[in-house]
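Accompanying notes for the structure given below.
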There are 2 protein chains.
Amino acid sequence: MSAKVNIKDIAKKTGLSTTTVSRVLNGKSEKYRIAEKSKQIIEAVALELNYVANHFATSLKSGKSNTIGLIVPSLSNPFFANIASNINAEVRKYGYTTIIVDSDENVEIEKTVLQQFIARNIEGLIIIPCGKEMEHIKNVYYQGLPLVLLDRYFEELEIPYVSTDNFEGAYMAANLLINHGHKSILCIQGIVDSTPNKLRVKGFKQAMKDAGIENFKVVGDAFSVENGYSETKMLLQNKVRPTAIFTLSNTIAMGCLKALKEENIRIPQDISLITFDNHLYLDFLATPITSIAQPVEAICKIALKNLISNLNEKEKTVKQVILKPEIKYRESISNIKN
Amino acid sequence: MSAKVNIKDIAKKTGLSTTTVSRVLNGKSEKYRIAEKSKQIIEAVALELNYVANHFATSLKSGKSNTIGLIVPSLSNPFFANIASNINAEVRKYGYTTIIVDSDENVEIEKTVLQQFIARNIEGLIIIPCGKEMEHIKNVYYQGLPLVLLDRYFEELEIPYVSTDNFEGAYMAANLLINHGHKSILCIQGIVDSTPNKLRVKGFKQAMKDAGIENFKVVGDAFSVENGYSETKMLLQNKVRPTAIFTLSNTIAMGCLKALKEENIRIPQDISLITFDNHLYLDFLATPITSIAQPVEAICKIALKNLISNLNEKEKTVKQVILKPEIKYRESISNIKN
DNA sequence: TAAATATGCACAAACGATTGTACAATTCAA
DNA sequence: TTGAATTGTACAATCGTTTGTGCATATTTA
């Protein structure tokens with residue numbers, strides 16, 4: 001990188017002091033009564049030399065970074081990628097810059113990134129945690145860093161979050177199956193210890209219980225395509241199969257689909273399927289898959305509004321928001337009533 | 001944010017100087033013969049106070065940021081999200097941190113982000129440009145910032161890039177259609193001025209020409225779902241329809257699919273379809289869509305290897321790499337020969 | 001015309017970390 | 001016992017900005 005121009009270079013070239021240069025370049029020429037002529041000269045030279053203020057120096061001095069950090073567990077998951085895209089656009093509206101990092105569903109990476117973010121003086125943090133540990137997040141929160149959890153949160157903490165009503169969503173999904181006469185259902189779950197997963201499983205079980213159904217199973221352990229695939233494969237080894245599957249994420253559904261296809265199991269004739277998370281492609285599948293859609297845009301907007309308001313005020317208002325999911329009715333559930 | 005601990009706090013608490021603290025914390029205690037006892041005390045206190053070095057100060061002093069910037073046009077496009085995820089993981093292996101930013105297919109945002117990256121002293125840049133302008137990218141490149149273009153590049157410049165053989169890919173795709181007897185083909189393109197688009201269109205046209213077919217059209221103007229949708233909708237207004245469609249990206253294909261479905265056009269019975277870009281879900285569609293797969297992982301790995309080698313050496317070696325695409329044969333093309 | 005006010009700008013300290021060098025204290029050799 | 005060598009640490013400058021304050025010079029007022 002060729003030597004970058006700094007404020008000193010401009011000062012030298014214009015014959016003015018760095019003070020004056022700085023003031024002009026920060027739009028404070030009025031306040032400090034810099035002569036119009038000086039102002040123009042400085043601006044011209046800055047333009048000519050292609051000056052860009054060193055962010056480190058600025059931030060070091062001001063303590064402000066104008067940056068919001070975003071940690072997502074995996075950008076290759078369209079659900080999270082979509083969130084990242086939304087957050088990115090929304091953050092820009094507020095005049096901040098987003099730094100997005102992918103933690104790869106790895107708590108250690110998550111911790112490291114958190115440290116880096118702190119070292120970079122981020123002003124606010126939006127995080128979709130891996131979900132296995134919370135100590136490090138709790139720490140930075142109590143140290144005063146404004147943050148909002150997205151999607152995955154920790155029920156027992158007072159940290160702000162915006163998420164979907166996972167219990168309700170799962171309950172709705174299970175109920176839909178039940179209402180179509182399904183009495184033997186398999187639920188393929190994601191990360192066992194994560195709150196959304198726990199609540200989804202809880203909602204699922206509650207629906208089963210309320211309907212007096214005991215023939216159900218919950219398997220799996222990751223929000224991944226592989227997990228959906230292998231669990232479905234294993235399922236299909238058995239002679240006795242459930243009549244319906246409920247996958248707790250779009251990635252799991254994708255893996256499930258793959259396994260079903262390999263074994264030539266048709267949806268919904270041979271088995272019914274419903275999944276958490278919506279996506280455009282679900283409409284175009286061999287059988288469009290009924291899904292529980294999370295209000296992603298609203299989640300992002302609210303999270304950011306929440307965060308920004310905490311950024312500006314010294315007092316923190318803790319807001320924990322749960323939004324209602326919505327069923328996208330498609331054709332993957334067969335009615336087997338009687 | 002409660003006052004962060006700095007090196008001074010540790011110095012005060014240990015009764016040692018900031019110099020000594022800094023040296024210990026940077027693993028230079030050997031070099032400067034810091035007493036083992038001092039070292040242990042400092043390390044203990046740093047741990048206790050939860051010290052994190054201020055990245056701005058460090059970088060300001062050293063001029064190093066240990067950061068690679070990545071600009072993608074849209075994270076909601078799975079193709080780019082996937083690249084981001086790959087790059088992120090790959091960069092970590094080299095000990096750097098990735099900062100990902102979404103330019104929203106907006107050149108102005110791209111320019112702004114570039115400035116911010118420079119202000120943040122990024123050491124290397126990977127960029128998938130919006131594709132409409134190149135001046136700003138050219139400038140930073142010639143100022144000495146190591147960078148690699150991904151996917152979209154500029155043929156006439158000597159800037160390094162890694163991309164797919166777009167001409168070849170499109171030629172293969174068109175040829176596949178032709179070999180199945182198609183003589184009336186519609187191509188829905190993306191951003192008209194972008195290199196990949198131009199080359200794909202060129203490959204498409206060349207195949208047509210080589211086969212002596214003149215009944216083809218190229219329409220559209222964006223790598224977006226909307227573009228695919230509206231172009232297909234418009235197409236379907238006509239009485240005379242092509243027998244096949246070639247979409248130049250997965251997003252366009254998605255929109256096309258939507259329109260076809262709305263109009264109850266079946267694939268491949270009523271119309272055949274082939275698309276650029278591969279994705280897992282293409283396998284599970286009503287009719288699995290044949291696609292031209294780009295070697296995403298390889299692209300990312302090579303790009304990064306390329307970038308890192310330029311990071312370490314003062315001399316820049318310009319590498320422009322074109323990788324071969326691959327056809328993923330699925331069931332969306334009907335044979336209408338004779 | 002002298003005093004008061006306004007105008008335009010620069011000095012120097014500070015942000016937090018790093019580092020060449022200098023210096024005091026300890027140990028060693030003779 | 002004294003000078004040399006070794007050991008352990010601190011001083012102070014520096015990175016590029018920002019900013020409170022103060023000092024000239026110019027302008028206005030009476």
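Note on naming: letters A, B, ... go to the chains in the order of the sequence lines (proteins, then strands), and numbering restarts at 1 for each one.
Of the possible polar contacts, one joining the B/T14 side chain to the B/A11 backbone as a donor-acceptor pair under 3.5 Å is found. Proximity of a side-chain donor or acceptor of A/T20 to a complementary backbone N or O of A/L16 within less than 3.5 Å is not detected.
Of the charged side-chain nitrogens involved, at least one lies within less than 4.0 Å of a carboxylate oxygen, so that A/E105 and A/R152 count as a salt-bridged pair. Between A/K305 and A/E90 there is no salt bridge, since none of the side-chain N atoms of the basic residue sits less than 4.0 Å from a carboxylate O of the acidic one.
For B/T19 and C/dT19, a side-chain-to-base donor-acceptor distance below 3.5 Å is present, hydrogens and geometry of angles not being considered. Put simply, the side chain of A/R23 and the base of D/dG20 share a donor and an acceptor less than 3.5 Å apart.
If you check every strand for non-hydrogen atoms under 4.0 Å, B/L60 touches a base. Heavy atoms of A/S59 sit nowhere under 4.0 angstrom from any nucleic acid atom. Note on B/Y32: a base of the nucleic acid sits closer than 4.0 angstrom, heavy atoms only. Using a 4.0 Å heavy-atom criterion, one finds that B/S62 contacts no nucleic acid atom at all. Within 4.0 Å of B/T58, counting heavy atoms only, lie sugar-phosphate atoms of the nucleic acid but no base atom.
To the nearest angstrom, C1' of D/dT19 lies 17 Å from NZ of A/K64. If you measure from atom CD1 of A/I42 to atom P of C/dA10, you get 8 Å, rounded to the nearest angstrom. Between the CD1 atom of A/I118 and the P atom of C/dG16 there is a distance of 16 Å, given to the nearest Å. One interatomic measurement links the two molecules: CG of A/N121 to C1' of C/dC15, which rounds to 10 Å at whole-angstrom precision. With rounding to whole Å, B/L25 atom CG is found 9 Å from C/dA17 atom P. Atoms CD1 (A/I34) and C1' (C/dA10) sit 10 Å apart, rounded to a whole Å. Across the protein-nucleic acid pair, A/H55 atom NE2 and D/dT17 atom P stand 12 Å apart, rounded to whole Å. With rounding to whole Å, B/D9 atom CG is found 9 Å from C/dG16 atom P.
Between A/Y142 and A/E158, the side chains place a donor N or O and an acceptor N or O closer than 3.5 Å (distance only, hydrogens not considered).
Listed nucleotides C/dT18, D/dT19, C/dT7 differ in distance to A/R33; the shortest reach to its side chain belongs to C/dT7. Checking D/dG8, C/dC15, D/dG16 against the side-chain heavy atoms of B/K8 singles out C/dC15 as nearest. Nearest nucleotide to the side chain of B/L16, out of C/dA14, D/dA10, C/dA17: D/dA10. When distances are taken from the side chain of B/S22 to each of D/dT18, C/dT19, D/dT14, the shortest belongs to C/dT19.
When the side-chain nitrogen and oxygen atoms of A/K28 are compared with OP1 and OP2 of D/dT19, one or more of them lie within a distance under 4.0 Å. Look at B/S38 and you'll find a side-chain N or O under 4.0 angstrom from OP1 or OP2 of D/dT9. For A/N26 and D/dT18, the shortest distance from a side-chain N or O to OP1 or OP2 is below 4.0 Å. One finds no side-chain N or O of B/N54 lying less than 4.0 angstrom from the OP1 or OP2 phosphate oxygen of C/dG16. Using a 4.0 Å cut-off, some side-chain N or O of A/T20 falls inside it from OP1 or OP2 of C/dA10. The shortest distance between the side-chain N/O atoms of B/Y51 and the OP1/OP2 oxygens of C/dG16 is not below 4.0 Å.
Mapped onto DNA chain C by nearest heavy atom, B/N6 and A/E36 fall at different nucleotides, with A/E36 at the one closer to the 5' end.
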Chi angles and distances behind the salt bridge (charged side-chain N to carboxylate O under 4.0 Å, His left out) call for B/K13, B/E48
CA-CA 11 Å; B/K13 185 142 184 175; B/E48 180 197 340; 3.2 Å; yes
